[in-house]
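Both counts, for ligands and for their atoms, begin at 1 and track the order of listing.
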Amino acid sequence: MRQRGIWSWLVIVTGLCVLGACAGPGPFGIFVDSTKDCAELLLQRDSQTVAKTREQRFLGKVPETTARCLGGKHAGNLREGPWLDWPNYWAAGDATSLAPARLLAHAKVIGPNAHGINGALYELELQRIELIKFNLFDNNKTYEAYVTGRNGEAGPVLNTWPEMRLPQNHPDFKSVGGNQTQVCRGELIRFRNLTGICNDIRNPLMGSTHQLFARNVEFNTTFPDLGLNEMTKNRHGDRVGLLKPDPQTISRKLFTRAQSQPDRCRDGYGLPGGAKEAECEYKKAPSFNVLAAFWVQFMTHDWFAHLEEGHNRPEWMAVGCATQLVKNIEQPLTRAGVEKLGCRPDDKIDVASIAEGTVPRPFTQGGKTYLTRAPKTTANHVTAWWDASQLYGYDERSGKRVKRDPNDRAKLLLMPVGEEAGEGDKLGYLPVFEPGDPINPEWSGQEATAFPDNWSIGTSFYHNVFAREHNVFVDAFRKQATRMPDGDSGLRNPANPDYVIRYRDVMPNELFEVARLVVAAEIAKIHTTEWTTQLLYNEPLNRGMNANWHGVFAKQEAVADVLKEVVRRLDDTNDAKKANSLYAALAGGPGIFGLGNRVYDGVPLVGLIDPTKQDRWDLRNDDHINGGVNHFGSPFNFPEEFITVYRLHPLLPDLIEYREWNKEPNVIRHNVPVIETFRGKATEAMRQKGLANWALSMGRQRLGALTLQNHPQFLQNLKMPRLQSPTQQIDVAALDLIRDRERGVPRYNEFRRQYGLKQLISYGDFIDTRLPQDSPAQREQAQLVTMLREVYGQHPCDASKKITEAQLNDDGSPINDCLGHPNGSLIDNIEDVDTVVGWLAEFRRPHGFAISETQFVVFILNASRRLFSDRFFTSSFRPEFYTILGVEWVTNNGSGPEMMEQGTPNGHQQPVSPMKRVLLRTMPELASELQGVVNAFDPWARDRGEYYSLDWKPRAGAEGDEAFGSGQVTRGDEN
Ligand code: HEM
């Protein structure tokens, strides 16, 4: 048994208190729980304390007694296999997961349901702490210091890096301190800068445009195709490469949506004129709508881009459709084979841009050799910050694409278009690019905005909505200014902190930048508390995501204040990794958003509970401005692996079921191919049909399930005139695999091991054993497993080959090529499965999860870092930057007090959601449609039923909606 020190106790206590017992009667509720055996058991689970070394990680698996305590017999029985245990706990699913009444009758203080939720939250927190501890690998030359420390300070608590200084040729080099210690001040720290510099005032370059992507996996596990070390050679033999197994073959066999009437789908191009008779079948997710699909594309355009201005290197490469495995041997595809698959051997794509490709320098520490970076790196060509850069710009060129209203420079330019169909249309639409605008020719005819690539009706929708929202905020601010011109706006200039900026003093340019801050924060809030809680539709995640934002003590301000201050003072803790872990665990209490935006210097911890204590946050104090951020020893940028799990193309349907809000919303009028809204056509469609009709259409339609054989056909057959190939077409689904291989993303099984998840030992592990044996859904899964075996093959294993250092077998022995099977036996090439294919094949998922657990674990780490690292979401979320109205707008989802929904959806009192408020402000004509909507990303006409139900039933008034009729193909719904 591992020795448990005070540290482990602390984590257990904070984990349980911060995330768990808060569901009960008070912060220390767990200790007064009378189901004593269960509580003791929880406190004794030594396997679930924070691991000291990588191979001791928690892996999301618990002993049988723990599972039974938290989820009954059912949870005990479901522990077999590699999948997480917490989803089987009490109350972690729908109403059927709630504990039976007889158990509730015995519970005295906290019943089994609270135990189940608390247990789940505790394990999620443990995972996050271990991810922060073991999965940060920066490519920007700071990794050596992370491992070895610097000037006596341990690596994981370093928070400034010389590598994050502005270079000599940067125009602001001198103003931030030049060759001396660099600190951003004055104008440079007031707002979000175009290129993302000076978000962290002491790391000016961090997160700015063109910085290198990071990694979440050990550098020596990247680029397995290159066979750079013994371990990757052992893992894959000579079976993997850029085009091995063939990506187009994989796409056609494992990604294609089956069509019972291909003539009505026509490769995703539908029928002319958006005819209603068109039909492209797809597997639908039950509780997530098409708005949610385009939302996440809108987000990714803010966070990352490997392409620069829509291009890679001007060098063209083949993309497969050349080979397939036949009985485990790679064979060339015959012409008949090509025809049968429907792939295109003549497709070509531009080669990925590599930032650095020289051999990385190794270094040693504690007898172990490390690489200073991955063998190849790539750059993020937008800001990594959640700063709405897709709307406002990320460099000079993209900034020039953004048009301001010449009559009010605080506003974005929006134009009246055609007849004003609805109230919201008075707010206007984005203008179209003009000759002379800095764009690629393929973007002409589109709405003018900073990030125009892969434009469609979905991106057009969100850009118009948030441009309207920007202007609505400006109008509200101006109204306030008219009411009280001499009032204090809250805004300050750090160059002159004592000068009170009255409403009348706020310049248009300042107001524009304030509105950008507000819109970016609203977007982050929508994503964290609304989109993600619908993506992961169950109670533990609802609490977890709200805790990330508001904290679990949202309604207990005094407690939240104490925790915020405790977290702020954690800098003093001398054990680096412990400090980070404690920080992460405790931050769940007050929430990450707003951490450090109040300061109670000089007040002893016991005094913090006093409601009259004085906030000493001071704009003159660099530590106050920047004090809320924590990068956990590694500069913030997204890892390559994050892009992999955001390759969510199956979310898209091929056709949009078009409706009209002012006629009969229950009627589907057209089936508009998404491809008919590609690039400039999106702008035309938006203007002809109007924002509100598209909102209604995409709000009611279910999106595609993230599973195998469910990629949109139009993306497999995408026509792109810029491509220098005979076909001028590309299979984006195959390209997803190629790009990951080019960027050296480890393949699925090692990917899981690196993230602290259990490996699979055969393709059969993908099958969901919770389903009734031989049910149609399980039979379909078995067929797909057979297809996986055909595509990726099998090999005779060699037990003498060690294949990983990330984990050990349960008995402590190294994991070898046989994965527990007898030496020499024919085993599945599960190690070779591309990560995207692997997570799409995860048929077993936590309740309500639109994504797999493998994707989820990547989000746990990076979604919280996106908040932890950003000054404007932590210590600088203050009126001095946002104005008083701005702070109120973000906090209450608009001006004035928070509005509440009627009733208690899923047992909670809930504010009217931030996205619903945005929709109501920008399209008031949708008020009656939105009345019953609790989450804007749940299909609008769905009856949400009881506790986290996934049923597809119409709400009152939508009984006539054709989407619920028997004619609707709902293939895959049974999954
Ligand atoms: C009409 C809709 C869409 C079109 C036409 C489209 C097209 C494309 C294309 C052509 C690429 C490949 C770029 C390359 O590497 O050469 C790409 C990449 C990508 N797409 Fe989409 N896509 C669409 C929607 C979505 C959606 C809904 C998501 C959801 C998250 C998404 C996520 C991604 C990601 C993560 C990448 C990789 C970006 C990178 O490498 O930095 N796309 N898409």
Side-chain angles (χ1 to χ4, degrees), residues 213 247 268 288-317 319 347-353 378-382 384 390 442-443 446 451-462 527 531 535 637-656 672-679 681-682 685 698 703-704 706 711-723 725 728-743 745 835-836 850-851 855 858-859 862:
F213 281 109
F288 220 24
N289 62 17
V290 173
L291 280 182
F294 285 116
W295 171 267
V296 67
Q297 187 188 23
F298 178 59
M299 288 302 91
T300 60
H301 290 176
D302 180 355
W303 302 330
F304 54 76
H306 280 82
L307 274 62
E308 202 170 1
E309 292 290 284
H311 295 268
N312 278 298
R313 269 171 32 207
E315 200 181 308
W316 299 89
M317 64 176 180
V319 285
D347 279 9
K348 289 202 171 13
I349 195 73
D350 42 3
V351 173
S353 308
T378 65
N380 188 353
H381 295 298
V382 295
Q390 78 278 43
E442 62 255 41
W443 298 337
Q446 293 180 197
F451 195 103
D453 206 27
N454 289 334
W455 197 248
S456 73
I457 196 67
T459 38
S460 165
F461 177 80
Y462 282 114
H527 189 86
W531 185 85
L535 173 91
N637 210 312
F638 292 102
E640 299 280 8
E641 291 70 28
F642 188 73
I643 286 77
T644 302
V645 299
Y646 267 103
R647 296 188 178 282
L648 304 178
H649 290 123
L651 293 180
L652 295 169
D654 285 285
L655 309 175
I656 296 188
V672 179
V674 177
I675 192 65
E676 285 302 323
T677 73
F678 192 38
R679 303 210 187 276
K681 288 185 188 170
M698 297 193 280
L703 52 57
L706 289 167
H711 268 76
Q713 300 215 326
F714 82 90
L715 280 182
Q716 285 180 311
N717 303 296
L718 190 66
K719 291 179 188 149
M720 292 176 83
R722 84 170 176 90
L723 299 179
S725 66
Q728 294 194 311
Q729 262 182 298
I730 193 71
D731 179 341
V732 177
L735 187 58
D736 276 335
L737 305 178
I738 295 174
R739 293 295 189 220
D740 274 1
R741 294 175 186 179
E742 275 184 303
R743 297 167 196 164
V745 174
T835 295
V836 169
I851 53 166
Q855 291 168 287
V858 182
F859 296 170
N862 294 288

Could you grab the distance from atom CG of L651 to atom CZ of F288, nearest 0.5 Å is fine?
-> 7.5 Å
Considering only non-hydrogen protein atoms, determine which one is nearest to atom 14 (C) of ligand 1 and report residue, atom name and distance to 0.1 Å.
-> R739 NE, 3.4 Å
When you check the side-chain N and O atoms of E640 and T378, is any donor under 3.5 Å from an acceptor?
-> yes
In terms of residue, atom name and distance, what is the protein heavy atom nearest to atom 5 (C) of ligand 1?
-> F678 CE1, 3.5 Å
Would you confirm whether D350, through its side chain, and E315, through its main-chain N or O, come within 3.5 Å as a donor-acceptor pair?
-> no
protein heavy-atom neighbour closest to atom 40 (O) of ligand 1 works out as R743 NH1, 3.0 Å
Minimum-distance protein heavy atom relative to atom 12 (C) of ligand 1 = L735 CD2, 3.7 Å
Would you mind reporting whether M698 and W295 have side-chain heavy atoms less than 4.5 Å apart?
-> no
V296: numbered ligand 1 atoms lying under 4.0 Å from its heavy atoms = 29 (C), 30 (C)
Rounded to the nearest 0.5 Å, the CG atom of L652 sits from the CZ atom of F714 at a distance of 5.0 Å
Non-hydrogen atoms of R679 versus ligand 1: any pair closer than 4.0 Å?
-> no
Beyond-backbone contact of F678 with K719, side-chain heavy atoms, under 4.5 angstrom | no
What atoms of ligand 1 come within less than 4.0 Å of a heavy atom belonging to A293?
-> 27 (C)
Can you tell me the protein heavy atom closest to atom 1 (C) of ligand 1 and the distance?
-> S456 CB, 3.7 Å
One checks atom 21 (Fe) of ligand 1 and counts protein N, O or S atoms under 2.8 Å, reaching 1
Answer yes or no: is there an ion pair linking R743 with D736, defined by an N-O contact shorter than 4.0 Å?
-> no
Please state which part of A305 comes within less than 4.0 Å of ligand 1, counting heavy atoms only: side chain, backbone, both or neither.
-> backbone
Note the single closest protein heavy atom to atom 38 (C) of ligand 1, along with its residue, its atom name and the distance in Å.
-> F304 CE1, 4.1 Å
What are the two closest heavy atoms between V319 and I730, and how far apart are they?
-> CG2-CD1, 4.2 Å
Would you call N380 a ligand 1 contact, heavy-atom distance under 4.0 Å?
-> no
Just let me know how N312 lines up against ligand 1, side chain, backbone, both or neither, with a heavy-atom cut-off below 4.0 Å.
-> side chain
among protein heavy atoms, the one nearest atom 34 (C) of ligand 1 is Y646 O, 4.0 Å
In this structure, atom 2 (C) of ligand 1 is nearest to the protein heavy atom L652 CD1, 3.6 Å
Close N or O approach (H306, ligand 1; < 3.5 Å) | yes
Run the ring-centre check on F451 versus F298 and record whether the distance is less than 6.0 Å.
-> no
